[in-house]
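Heads up: the structure comes next, in structure tokens.
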There are 2 protein chains.
Amino acid sequence: MDDWLKDSVEVEASWVTVDLAIFTIRDDRLMVLLIERGVEPFLGRPALPGGYVQKNETLRDGALRELWEEAGIDGGRLHLEQLGAYGDPQRDPRGRVVTIAYLALGPDLPAPVGGTDARRAYWASVSQLMAEAKGLAFDHLAILSDALEEVRRKIEYTAAATAFCGESFTLSELRTVYEVIWGEGLDPSNFRRKVLNTVGFVESTGERWHPPTGRPAGLYRRGSAWLLSPPLLRGTGNGA
Amino acid sequence: MDDWLKDSVEVEASWVTVDLAIFTIRDDRLMVLLIERGVEPFLGRPALPGGYVQKNETLRDGALRELWEEAGIDGGRLHLEQLGAYGDPQRDPRGRVVTIAYLALGPDLPAPVGGTDARRAYWASVSQLMAEAKGLAFDHLAILSDALEEVRRKIEYTAAATAFCGESFTLSELRTVYEVIWGEGLDPSNFRRKVLNTVGFVESTGERWHPPTGRPAGLYRRGSAWLLSPPLLRGTGNGA
DNA sequence: CGTGTTTAAGTCAATATGACCTTTAGGGGT
DNA sequence: ACCCCTAAAGGTCATATTGACTTAAACACG
């Protein structure tokens, strides 16, 4: 890089990182992937997985690489989107580090292995973390909080909820995703009607799944639509 | 800044900038503020206003400073929110420059003056720009495109449309904002009913405004709610 | 062949929506 | 004063959607 502007005292080179808020649903709870930091600063403290963006990769590629390196997760199987940039000058004790936060949603993922900069990686309950509201390195609690709010809104007007399910899923599974993330129960019958009436949300695979007990459930896969119209609105009450 | 990781060939210092997509409505058209670049690269080409983030400011403060320096606009009077980060390694010929794009919405603003790095600043018609789809420096057309889509969606489920109006406004003014941004006509009567039934969207000032001709219109100001429930949905058709 | 359990489908009153139409409150002209 | 034009404000009504609830269907198991 040339040294244009090197003489300006106001502008200074920065380091750019990506951090990942990776969500999944396990045991009917919303979980986020955390690592235990193996390097300074915040050595030993829980943090979102992430790391430096390298020389010739896009931000998204950096996120995918960190996903693999730190959590052992193949990004091809989950939904990844940018959440936003966090650049408070005080957020990193080492100096000016701007981080680009990414949001990842995936089906029940394998217990991850620790990566290079991480002693270990593990799934943590989001509701528990938010209740404690402490412990995370850097401004990762704020990032996590923003990510959670984004997920809650995203599943209202996009098909993002399907990212938490496998290739094919029952409508009950999908409904559980909403119930877990919104923290409220939904009427199964009305939920079914809404989802099935929203064109392109899901499409039937023709197959059916036999639960341990009860009537077999039809299986669906994600439809062609990402934006839902009309959206599934919470709050106004979708049922009991 | 220390030299941790200086020996890693993969990681390299970056420059971080902010760019602004500043929208307003003039003459019933959606306009965006552009500058004519006064420095290399892309000297003389139109671009979104923006510049380097300085040493001790937050990203948002940087955006507000650039807003003032390059466009002479006081950020206190408009809505400012982060759009996202753009970090393709090829996006800037000088090297790795990650930009944080901000979205600003304001009422009909004064004709701006050129700033330090800009020969001049001017309002450009968004629909015209998107139709031509060329000319902008860097990846600013992509940023503008994302910003436009964000605005279109944002006014659906937030009170963002009020940011285009002054302190107080008539419902016709507000409706025009929607019509201009969505590019479709709305039924005045149904629009009024919807807006007035959405709690916290607007509240009456008690005053009224006398149009050049016709019955005087009631004046409203922004209500306490930012998120609209239910949202104002387009597409499904809010009228003619 | 009942029973328990879960999915699937139906009912219905209350509400919201989209497409209209009517009334009201000005201003300007004659 | 009166009429006419315009835009706001308010009303009507058939249709669609919603929320709460009920009923029917399809298995597994004993």
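Bear in mind the structure is a predicted one, so any value in this text is a computation, not a measurement. Proteins come first, then strands; the chains are lettered A, B, ... in the order of their sequence lines, and each starts at number 1.
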Results of side-chain contact (heavy atoms from CB on, under 4.5 Å) for [X] - residues two or more places apart only:
| X | value |
| --- | --- |
| B:Pro231 | A:Leu233, B:Tyr157, B:Leu233 |
| B:Ser172 | B:Thr170, B:Arg175 |
| A:Thr58 | A:Arg60, A:Asp61, B:Asp88, B:Pro89 |
| B:Leu129 | B:Val32, B:Leu34, B:Ala124, B:Leu136, B:Leu144 |

Just how far, in rounded Å, is [atom2] of [N] from [atom1] of [X]?
| X | N | atom1 | atom2 | value |
| --- | --- | --- | --- | --- |
| A:Leu233 | C:dA16 | CG | C1' | 13 Å |
| A:Leu196 | C:dA9 | CG | P | 8 Å |
| B:Arg234 | C:dG18 | CZ | C1' | 19 Å |
| A:Glu173 | C:dT6 | CD | P | 15 Å |
| A:Asn197 | C:dA16 | CG | C1' | 16 Å |
| A:Leu186 | D:dC21 | CG | C1' | 16 Å |
| A:Phe191 | D:dT18 | CZ | C1' | 15 Å |

Tell me which pairs pass ring pair (Phe, Tyr, Trp, His ring centres under 6.0 Å) where either residue lies in residues 192-220 of chain A, with sequence neighbours left out.
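Residue pairs passing ring pair (Phe, Tyr, Trp, His ring centres under 6.0 Å), neighbours aside: none found.
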Under the ring-ring contact (aromatic ring centres under 6.0 Å, His included) rule, collect the residues that match up with B:Trp68, sequence neighbours excluded.
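Expected list: none.
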Output a table of nitrogen or oxygen pairs between the protein and nucleotides 11-14 of chain D separated by less than 3.5 Å.
from: D:dG11; atom 1: O6; to: B:Ser189; atom 2: OG; distance (Å): 2.8

Any B:Lys194 side-chain N or O less than 4.0 Å from OP1/OP2 of C:dT17
yes
Check this one for me: any side-chain N or O of A:Ser172 less than 4.0 Å away from OP1 or OP2 of C:dT7?
yes
Spell out, as yes or no, whether a donor-acceptor pair under 3.5 Å connects the side chain of B:Thr24 to the backbone of B:Asp108.
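Yes.
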Between B:Glu179 and B:Leu186, is there a donor-acceptor pair closer than 3.5 Å when you use the side chain of the first and the backbone of the second?
yes
Does B:Arg221 have any salt bridge (Lys or Arg N to Asp or Glu O under 4.0 Å) partners at least two apart in sequence or in another chain, and if so, which?
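So B:Arg221 forms a salt bridge (Lys or Arg N to Asp or Glu O under 4.0 Å) with B:Glu203.
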Starting at the 5' end of DNA chain D, which residue's closest nucleotide do you reach first, A:Pro231 or B:Leu219?
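Between the two, 5'-proximity favours B:Leu219.
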Nucleotide-resolved protein contact map, nucleotides 25-30 of chain C, B/S/- at heavy-atom distance under 4.0 Å:
BBS---
